[in-house]
Amino acid sequence: MAATGNADAPVGRGELIAAVDRALHTHGRAALTGAAGAGKTALLTALAAAARSRGETVLRLDPEAADRHIPEASVAALLTAVPAAVLDRLAGPQRTAVALLRRETDDLRAGRDRIALRLAIVEVLRNLAVTAPVLVVVDNAQFLDDESVDLLRFALRLTPPRVRTLVAECARSGAPVAEALCGPGTRSTAIPPLGADEVAELLVSHGLPARLAGRIHRASGGNPRLALALGHSLAESREPVHHADTLPVSGQAREVARRLLAEAPVAARPTLLLAALATRPTTALLRRAGRPDAEAELAAAEHAGLVTVAEDGTVEFTAGALPSVLAADAGWPDRAAGHAALAAADDDPVQAARHRALAVDTPDEDLAAAVSEAAASCRRRGNRALAAELGMLAADRTPADRPGAELARLVAAAEDAGCAGRADLARRAARAVLARDASPADRVRARLAVIDAAGQALADLDETFAHAALDAAGDPALQALVQLRVAWKLNLSDGDPVRSRAAAAEAGELARRGGDTVAEAMALTVRARMGRILGDPCAETILAEALALPSPEVPIGLRNAPRYLAVRHALFDDWLDDARQQLLALLPAVERTGSCEDVFEVLRSLTEVELRRGRCDAGMAWARRSLACTIEAGLSPGPAWYVAAMAEATGGSFARATGYARRGIQASEEERDQVFLSRSLYALGTVELAMGETAKAVATLRRVADLEAAQQVVDPSILRWHGELAEALVAADALDEAAGLVAGWRAVAVDLGRPAVIAALDRAQGLLLSAGGDAEAAVRLLTDTAQRFAELELPVERGRTLLALARVERRRRRKAPARTALAEAADVFTTAGAKPWAELARETPAPRPAPGGPLDTPVAAALTEAELTLALLVGQGASNQEAAAKLFLSVKTVEARLTRIYQKLNVRSRAQLATALRAR
């Protein structure tokens, strides 16, 4: 069984369960297929539990492999679950046949009346169905013995519609049993693999770190059992979780992978091993390497669900753990022979050099030099991960009498790994460098590679920073590089832009003294970024200084390149067309560098630009690419999940946005990434506000405010939570707090010249005026604000303002203006592709009570959303303490709010309140 956090609700299977349940009720039959570990048992358990909850009778069969060789064993097991009273009502011959079925001796079985046994099973199912519907559940149907299949096929064909059948079998079990039991033409539903997000949810439900989801998804191919086995293997290893880029395929994980591989024919195993050893296997390559029947053997492996073969012959394993286990289980002679055959067959000189090196285990300088040149070729192509692997291999093949060449290759491999985000390779290379008589410069370069490869997870690298600083002492250029990383960490992990700016200033001075203009430009960029965060008016001047210095078009570490920060500032200032053009020009350049983090940064910014421009479909596409890039490269997932959450919250689904945001929060908390923790919380709070979950939105957005305050963020244009929190506070009836927040941040936004932030705060101010009873002023302000958002070319924000206007108009019973504002908002959202917001705008307003009804009074119409929420809770019987806990309020606040509700509705007790609400 694929283990899940809750057997009644397997992770990621909600839609599939609903579809199978519908099929059972429509057709009375349903069949599932899937590989070992795909989650068939968990699905059947959930469907059986749902049937029992409806009062149905469930008969379940779970045969094992050994049962296949015992005639009628499964039917006998099925009948043991039938109440004795039902069996006692059988006719004499049928009762006798059932009794004999439970005996073990072959001679008694031989004398049994088989016709009577068939009729007995039919009668049992019919009798059970008289009192309640019956669901016959058969798991692992491939293990049913032939006699049981025949008996069940006969019986199920003659049962009434109230007897339903649900069958699950291995997808590669030979002749399908499901069709025999469910009837001709029954189509089995294949259980799809889990997506990366669903793997994340599965890991969380088992207490495993969510940030590993991308790597585990890639290694498991979405197979739940293998994913959990990999997660547990990693948790049990001695490697720090956030450093484990290469997952340990050991213990339970290896056994699960072996069971999957056992589905392939033995004859296909040598071909699969060759495919596992190749970096980019194709059928043509495998034929040239000595497997003339590669297509047929791979077709058998594809049928077993182990590989996919594209039309061009490209071969890909369905789970990344499979080639690892194939290679590990093969002996050295088989691996060496395989690499030798591939070296002769591969027409790519890089791959040929790799295979030649892997085919031997003795040092050879000519071979090492060839592999080193192959690494350089990969570096030029932008494939820094492969360059790192080849660099390590070249160092390993370097003779002992050439220590200088070996050291240079190790340092280059470390730096390639740092650029690629391969922390495992960076650490291996760094350990090798530090174990040798390396110069301080080489030691620093190796340690910096480890820091660069860590991505967002810098919090646990204090020792590495300390050693790097010690090694760099006396060399200003090296000190500048170390101090730059310190500045990054102080902002990202410590959330301290003041100290980060100071560290960047020190790095810039060191770089200037050391003559490193690239490092100096990057230091100025960090200063400019921190200055923007802190509201320093000199930030743009500092950025201009950085832009004036000579530097590579796209240096490694794009986020700290002046050209990229200029793009981010354009985004913050809503110069969106300019930002988009610059990003599209940067994208091919960063793809050539081979730095996955750089590519993600550009994709992330493109997502944000398109969402704000009201091109939500394009934004969703960029977000998907950024998430795929993160998973493929094994980067820290927190930032990518934040990006996905914002894309879904604007152009996709509020429900999916919530899932992404929660995973982003967890991953950022695990890595102690303060910057993206506040961003994921902001995404979650925005969705909670949109969905009317006011108390949750206030709590979440207050947490964002606290984090931003702790990080000393002054500029409100970077993460625009201020208007969102103010709106949530108004909805929660915390009007004084909302007014203070709007006034305070509006002054900052005016001083810094942030018109879009001012407009968002004005939207909150309009709702605040309405809640305070000044509807006319609220309408004027919201109408003006919608127009300003139109002028700023921010359509989603304009649509949200029109929604707020419609709420104000509806509250003062101006139906026609409310409908007009709603219709206009729906048009704006639809044009922008903001699907969840368009759905909100198209919702029909709740019907008003009939004239003369208890709530048909001016004071009733004046109930705020927060008051209505509390009134409904209390009207349903909640105590003040219960309501306070549910709404995240103090009991004193609940009492005060309840007093106002009584006054507005002219009621004096909870009973009268409940009566008024029921009448409504």
Side-chain angles (χ1 to χ4, degrees), residues 654 658 684-703 705 724-742 764-775 778 803-804 806-813 840 843 845-849 853-920:
F654 286 147
T658 298
L684 179 61
T686 300
V687 173
E688 289 171 340
L689 178 61
M691 296 176 69
E693 297 176 333
T694 302
K696 290 182 180 179
V698 169
T700 302
L701 292 168
R702 275 179 175 157
R703 191 176 169 195
E724 313 286 357
L725 177 54
E727 289 187 40
L729 290 169
V730 172
D733 207 26
L735 304 185
D736 291 342
E737 185 181 351
L741 187 148
V742 169
Q765 179 67 27
L767 294 171
L768 188 59
L769 289 169
S770 175
D774 194 349
L803 270 183
R807 287 166 56 196
V808 170
E809 293 284 25
R810 204 163 66 204
R811 186 177 175 195
R812 63 174 184 160
R813 298 187 167 197
L840 276 185
E843 285 180 355
R848 302 300 305 169
L855 296 187
D856 187 34
T857 64
V859 288
L863 276 182
T864 67
E865 291 182 27
E867 289 168 346
L868 181 57
T869 300
L870 175 59
L872 290 169
L873 279 174
V874 172
Q876 292 165 1
S879 67
N880 287 1
Q881 290 82 1
E882 291 168 340
K886 192 169 185 65
L887 298 175
F888 302 96
L889 300 172
S890 68
V891 174
K892 189 173 182 180
T893 300
V894 167
E895 291 171 348
R897 192 173 293 175
L898 198 54
T899 299
R900 292 199 300 273
I901 293 169
Y902 283 4
Q903 292 170 348
K904 289 182 177 183
L905 300 186
N906 194 25
V907 298
R908 298 183 180 181
S909 68
R910 291 170 179 265
Q912 289 181 351
L913 175 61
T915 300
L917 292 171
R918 282 196 299 272
R920 183 188 182 204

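Residues take their numbers from the sequence shown, with the count starting at 1. Just so it is clear, the structure is predicted and the values come from calculations on it, not from any experiment. Side chains included, hydrogens not; waters and symmetry mates left out as well; all remaining heavy atoms used.
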Distance from [X] atom [atom1] to [Y] atom [atom2], nearest 0.5 Å?
X: Ser770; Y: Glu809; atom1: OG; atom2: CD; answer: 9.0 Å
X: Leu767; Y: Leu729; atom1: CG; atom2: CG; answer: 12.0 Å
X: Leu701; Y: Leu689; atom1: CG; atom2: CG; answer: 7.0 Å
X: Leu870; Y: Thr694; atom1: CG; atom2: OG1; answer: 12.0 Å

Would you name the heavy atoms of Thr700 and Gly685 that are closest together and state the gap between them?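 Answer, listing the atom of Thr700 first, then Gly685: CG2-N, 3.6 Å.
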
Looking only at non-hydrogen atoms, find the nearest pair between Arg812 and Ala775 and report the distance.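 Of all heavy-atom pairs spanning Arg812 and Ala775, the closest is CD-CB, 3.6 Å.
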
If the condition is side-chain contact (heavy atoms from CB on, under 4.5 Å), which residues does Ala726 pass it with, not counting sequence neighbours?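 Applying side-chain contact (heavy atoms from CB on, under 4.5 Å) to Ala726 gives Leu741, Val742, Ala764.
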
Check side-chain contact (heavy atoms from CB on, under 4.5 Å) between Ala690 and all other residues, then give those that pass, not counting sequence neighbours.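 If we apply the side-chain contact (heavy atoms from CB on, under 4.5 Å) test to Ala690, skipping adjacent residues, the hits are Phe654, Trp837, Leu840.
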
Just so I know, are the side chains of [X] and [Y] near enough to count as touching, which here means a heavy-atom distance under 4.5 Å?
X: Val730; Y: Leu735; answer: yes
X: Thr658; Y: Glu688; answer: no
X: Leu684; Y: Lys696; answer: no

Does Arg897 use its side chain to pair, donor to acceptor, with the backbone of Ala732 at less than 3.5 Å?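 Pair found, side chain donor or acceptor close to backbone of Ala732.
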
